[in-house]
Structures are given as C-alpha cells and as structure tokens.
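Numbering starts at 1 and runs along the sequence shown.
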Amino acid sequence: MKDKRILYVSSEVIPYLPETEISSMSFEVPRMVNNQGGQIRIFMPRFGNINERRHQLHEVIRLSGMNLVINDLDMPLIIKVASVPKERMQVYFIDNEDYFKRKATLTDEDGQLYDDNDERAIFFAKGVIETVKKLNWAPDIIHVHGWLASLLPLYLRNYYGNEPLFAESKIVTSIYNKGFEGELDSEMQTKVLFDGLEDDVVTPLQQPDYAALMKVAIDNSDALIKGSAELPDGVLQHIENADVPVLEYKSKEEFSQAYQDFYLHDVLGEEKED
C-alpha cells in the first residue's frame with residue numbers, strides 16, 4: 001500500500017462518535033493503510049454532538065468560505081480538522097450551521113429522522129469533493145462508508161464526472177446493515193436533479209429509503225465490500241447483480257490482508273506477485 005492515496009468518506013468515525021460497525025471500520029481501515037505507508041485523508045460530518053474542545057477540532061480558514069448550492073439555496077461550507085491521538089492521522093470535518101449544529105447525528109430525541117437528512121447528504125457529498133479539489137489531492141481510491149455518505153459515488157460519477165482530479169480514482173463502497181426505518185424527504189430526487197443530473201441515474205430516489213440510497217451508491221461504484229455479515233435482501237440482490245468486484249464480509253480481526261489484496265488487485269488492477 002506504500003504511497004497509495006486513499007480518501008475515506010464516512011458518516012461516522014471513532015473516536016469522534018460512539019463505536020459501531022461503521023465507525024470502527026472507518027477508523028481501522030485507514031489506520032491499516034497508514035501503517036502500511038499509504039497516504040490517507042478521512043472526511044466525516046461535524047455533527048453537533050462531537051465535542052470540539054475535547055477532540056481539538058479547529059477551522060481550516062483556507063479551505064472554508066465557499067458556498068454550496070443545495071436545492072437553490074447557498075449554504076456556507078466550513079471545514080474543520082483534528083488529529084487522531086497517537087495515530088498520525090488527520091480527520092477533516094464537513095460543517096454547516098444549519099445542517100450540523102444540532103446536538104445529535106441523524107435522528108432527534110424521539111428517534112425520528114431529521115427532515116433535512118437528504119439535504120445534509122447532498123451537502124456532505126459536495127462538500128467533501130470541493131474540499132479535496134481545494135487540497136488538489138488526487139486519490140487512487142475513494143472508499144465510502146455509511147448511508148449519509150452514499151451520494152458521493154453518484155456525484156463523483158455525474159456532477160463531477162469531468163473533473164480531472166478524479167479521472168483515475170476508483171470508488172469503493174462498503175455496504176452495512178445499519179440503515180434507517182422509513183424514507184427521507186419525498187422531494188429528494190428533485191433536489192438531486194436540481195444539480196443537473198440525468199433522470200435515469202437518480203430513479204431509485206423516487207422512494208428514498210435505505211435500499212434506494214444503497215442502490216444509487218452501488219450503481220456508481222467500481223467495487224463493493226460487504227461491511228456486515230448480513231445485509232437486507234433487496235440490497236444484497238443489487239450487489240449480486242452489479243458487474244463489479246465484491247469483497248465478502250471480513251471481521252475487524254481478519255480484514256487487513258484481504259482489504260489490501262482487494263484494493264491492489266481487484267480495484268487498482270495491479271498484478272499479483274508470485
């Protein structure tokens with residue numbers, strides 16, 4: 001993995017949010033690559049329940065300041081950064097007062113999804129890509145974790161399809177069993193279409209439930225990883241129908257070599273050494 005550039009985009013990463021299957025692998029996989037001599041960048045949302053003082057987040061003025069248009073509204077993008085203790089890894093946080101100030105992640109105190117989670121997903125995807133453009137850092141692989149990050153492959157392949165920085169980048173999406181009940185805003189498809197994407201690439205978002213978001217991510221990825229031992233039937237069927245390499249589920253204890261081999265040979269197409 002030496003000198004390979006890998007961008008990790010996740011809805012949750014430890015130690016900034018509680019340990020889950022997603023937050024754990026979003027930390028362990030970059031750490032493995034980092035220890036193998038790879039170059040990594042990690043991006044996640046700056047949810048309001050992340051303690052900025054304890055984790056020593058600070059704003060990166062040179063990266064902040066641009067506005068992203070979400071459904072015809074200008075939304076300011078703020079970029080913050082922190083260093084993972086003892087790991088020589090930096091995490092970039094996508095922030096916005098309207099979308100991420102509330103003291104919770106994806107649901108309110110009653111467990112109800114926030115009404116604007118669809119717009120938060122759009123903002124997160126565009127915010128990550130615009131920030132990486134400002135960094136002028138061309139990743140070999142972009143590895144996506146969690147449903148809030150699931151629009152990133154769609155935007156990279158379509159909205160940013162002609163962006164030279166990502167011309168050689170391969171998109172890998174890990175699919176997890178951690179979804180949500182119900183649907184996001186019924187106008188989600190319209191909001192994505194506002195960005196000029198073609199109707200056929202966003203058709204699943206007519207009914208924006210968890211399976212639909214995963215299908216959109218799968219359709220726009222170069223390779224897939226089963227991040228959970230069990231997955232919803234509809235999502236599993238879509239994975240099996242995808243004409244891309246798929247890595248079967250690997251636990252936290254056994255993933256390291258399997259992920260390296262998958263990255264190098266199945267995703268980047270490098271020859272295996274005898």
Side-chain angles (χ1 to χ4, degrees), residues 6-33 40 42-45 47 91 104-107 111 113 117-118 120-121 124-125 128 141-154 170-184 204-205 207-267:
I6 305 185
L7 170 64
Y8 291 93
V9 185
S10 180
S11 54
E12 50 189 281
V13 183
I14 55 172
Y16 305 103
L17 289 173
E19 184 168 352
T20 64
E21 200 165 46
I22 297 174
S23 68
S24 178
M25 291 306 286
S26 299
F27 169 80
E28 295 292 348
V29 182
R31 180 168 69 167
M32 177 271 291
V33 172
I40 63 155
I42 305 172
F43 279 78
M44 68 176 291
F47 292 113
V91 178
T105 52
L106 302 167
T107 57
L113 289 168
N117 275 342
D118 60 327
R120 296 166 97 201
F124 183 50
V128 169
I141 293 173
I142 299 166
H143 192 164
V144 178
H145 302 257
W147 65 260
L148 196 77
S150 62
L151 294 184
L152 193 94
L154 174 72
K170 300 296 185 184
I171 303 171
V172 178
T173 298
S174 283
I175 313 291
Y176 295 91
N177 203 17
K178 187 182 179 186
F180 56 87
E181 297 294 326
E183 298 180 7
L184 302 186
L205 298 180
Q207 187 178 334
D209 57 10
Y210 175 68
L213 266 67
M214 290 302 99
K215 287 175 182 177
V216 165
I218 291 165
D219 289 344
N220 291 277
S221 295
D222 296 295
L224 305 167
I225 296 176
K226 294 180 182 177
S228 300
E230 297 182 5
L231 295 170
D233 289 342
V235 175
L236 200 56
Q237 188 64 50
H238 210 72
I239 293 172
E240 290 170 0
N241 291 340
D243 187 24
V244 297
V246 177
L247 179 64
E248 295 297 320
Y249 169 72
K250 304 294 179 187
S251 70
K252 193 167 72 172
E253 292 71 35
E254 63 179 354
F255 80 92
S256 181
Q257 192 60 53
Y259 274 47
Q260 289 181 60
D261 290 344
F262 190 68
Y263 279 162
L264 292 173
H265 310 310
D266 297 273
V267 179

Where [X] and [Y] come nearest, the two heavy atoms and their spacing:
{"X": "Leu148", "Y": "Pro45", "result": "CD2-CG, 3.7 Å"}
{"X": "Lys178", "Y": "Trp147", "result": "O-CD1, 3.8 Å"}
{"X": "Ser221", "Y": "Ala217", "result": "OG-O, 2.6 Å"}
{"X": "Ser150", "Y": "Pro153", "result": "O-CD, 3.3 Å"}
{"X": "Leu213", "Y": "Leu205", "result": "CD1-CD2, 3.9 Å"}
{"X": "Glu12", "Y": "Pro18", "result": "OE1-O, 4.5 Å"}

May I ask you to check whether over 12 heavy atoms, not counting those of [X], lie within 6.0 Å of atom [atom1]?
{"X": "Asp233", "atom1": "CG", "result": "no"}
{"X": "Glu240", "atom1": "CD", "result": "yes"}
{"X": "Glu181", "atom1": "CD", "result": "no"}

Looking at side-chain heavy atoms only, is the closest gap between [X] and [Y] below 4.5 Å?
{"X": "Tyr259", "Y": "Met25", "result": "yes"}
{"X": "Asp266", "Y": "Leu247", "result": "no"}
{"X": "Val29", "Y": "Tyr263", "result": "yes"}
{"X": "Lys252", "Y": "Phe27", "result": "no"}
{"X": "Ile42", "Y": "Ser26", "result": "no"}

What's the spacing between [X] [atom1] and [Y] [atom2] if we round to 0.5 Å?
{"X": "Arg120", "Y": "Leu151", "atom1": "CZ", "atom2": "CG", "value": "13.5 Å"}
{"X": "Ser174", "Y": "Lys250", "atom1": "OG", "atom2": "NZ", "value": "13.0 Å"}
{"X": "Ile141", "Y": "Ile6", "atom1": "CD1", "atom2": "CD1", "value": "4.5 Å"}
{"X": "Gln237", "Y": "Asn241", "atom1": "CD", "atom2": "CG", "value": "4.5 Å"}
{"X": "Arg31", "Y": "Ile14", "atom1": "CZ", "atom2": "CD1", "value": "8.0 Å"}

Could you walk me through whether Ser228 and Glu21 pass the side chain to side chain contact (heavy atoms under 4.5 Å, CB included) test, one step at a time?
CA-CA 8 Å; Ser228 300; Glu21 200 165 46; 2.5 Å; yes

Under the side chain to side chain contact (heavy atoms under 4.5 Å, CB included) criterion, do Ile239 and Lys226 qualify, and how do the steps go?
CA-CA 9 Å; Ile239 293 172; Lys226 294 180 182 177; 4.3 Å; yes

Is the backbone N or O of Leu106 less than 3.5 Å from a side-chain atom of Asn117, with the two atoms forming a donor-acceptor pair by type?
yes

Looking only at atom types and distance, does a side-chain atom of Asp209 sit under 3.5 Å from a main-chain N or O of Glu183, one as donor and one as acceptor?
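Pair absent, no side-chain N/O of Asp209 close to backbone of Glu183.
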
Pair Ile218-Thr173, side chain to side chain contact (heavy atoms under 4.5 Å, CB included): steps then yes or no:
CA-CA 7 Å; Ile218 291 165; Thr173 298; 5.9 Å; no

For His143 and Tyr8, take the angle between the two ring planes, folded into 0 to 90°, and tell me which bin it lands in: parallel under 30, tilted 30 to 60, perpendicular over 60.
tilted

Audit row: Tyr249, Asn177, side chain to side chain contact (heavy atoms under 4.5 Å, CB included) steps and yes/no
CA-CA 11 Å; Tyr249 169 72; Asn177 203 17; over 6 Å; no

